[in-house]
Amino acid sequence: MLLVHCPYCEQTLPELEFTYAGEAHVARPDAATPVSDEEWRNFLFIRNNVKGPHYERWRHFHGCGRYFNAVRDTVSDRFLITYKVGETRPELSDLLEKSK
Amino acid sequence: MMALTPAFTPGPLVSGNVVSVALMAPAGRLSLRLGQADIPVLSAAIGIELPTRIGTRAKNGPVDVICLGPDEWQIQTDATDTQRLTDACAAVYAQAPHSLTDVSAREITVQIEGPGATDLLTIGCPRDIDKIAIGEGCRTIVDGVSAVLWRDGANSFRLDIWRSFAPYVIGLLQTGGAELAAE
Ligand SMILES: [Zn+2]
């Protein structure tokens, strides 16, 4: 079983308490200005489908209930980092350096 | 016909030297959601310093509070005590907006005690039970069912289960209790 570190609970806990919530840092278009169909399509449906380190959202569903962000390698399933919503997206080069 | 709302009669569910499980009497339960800035006001209203580290608890008389999330607490008290707390919180609502919901009827609580209590919990709960400090607790999962686990002693736990899932979880605990007793 995967162990996931929840940045809100500050504990590393079994995967069964968590749910996956798709790619992270997908910004919603600012609807105050005209948004083209293509921009909406990209926001709603177009994802990177990364092979390797992937920025993604998780939710500590059966726990504190919070959404948070993570970088997980989609090949090895290894988590490089988890961080709170609103925190700056960590640079991949730094994470890979640290994980060596 | 199958009963849609099973009757829950407080009393022993599993007895023995290894582990005992009992359905506890109905309790008063309140769910509190609140922003960081208003914690002191609600603490004063409830009469307990609200704990802010997830999993920690605070107690005053019959009132037991657990911090479940950065903005979420569960308050447990006597079944007759909810109105007093509801009124106290309503009195400070204008000053400190919050959400306080009476969820007394949503859950039942089972008490799990004995040298086999930890073993019994591990049949459904993936957490490392030993890492839950005595006097703390957590919301976790028990064989697919969300539940709040309170650790009151080395071998003493309470488990809050939503009533619609409770017959299943109780059945699981009874099966596990019988297996532990037979070992
Ligand atoms: Zn958490």
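A note on names: the letters A, B, ... follow the listed sequences, proteins ahead of strands, and every chain is numbered from 1.
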- Message: For a quick test of reading the model, state the closest non-hydrogen atom pair linking A:H62 to B:S146 and the distance between them.
- Response: ND1-OG, 2.8 Å
- Task: Provide the closest heavy-atom pair for B:I141 versus A:L16 in the form atom of the first, atom of the second, distance.
- Result: CD1-O, 3.6 Å
- Task: Mark yes when over 12 heavy atoms from residues, nucleotides or ligands other than A:R78 sit less than 6.0 Å from its CZ; otherwise mark no.
- Result: no
- Atom NZ in B:K131, atom OG1 in A:T12: separation rounded to 0.5 Å? 7.5 Å
- Separation between CZ of A:R66 and CG of B:L68, rounded to the nearest 0.5 Å: 12.0 Å
- Message: Around atom CG of A:N49, are there more than 12 heavy atoms from other residues, nucleotides or ligands closer than 6.0 Å?
- Response: no
- Exceeds 12 heavy-atom contacts within 6.0 angstrom, atom OH of B:Y93: no
- Hey, is CZ on A:R28 packed in by over 12 heavy atoms from elsewhere, all under 6.0 Å? no
- Message: Between A:E10 and chain B, with a heavy-atom cut-off of 4.5 Å, which part of the residue counts as in contact: side chain, backbone, both or neither?
- Response: neither
- Heavy atoms of B:G69 and A:C64 approach each other most closely as CA-CB, 3.9 Å
- Message: Please check if the number of heavy atoms outside A:E87 that lie under 6.0 Å from its CD is greater than 12.
- Response: yes
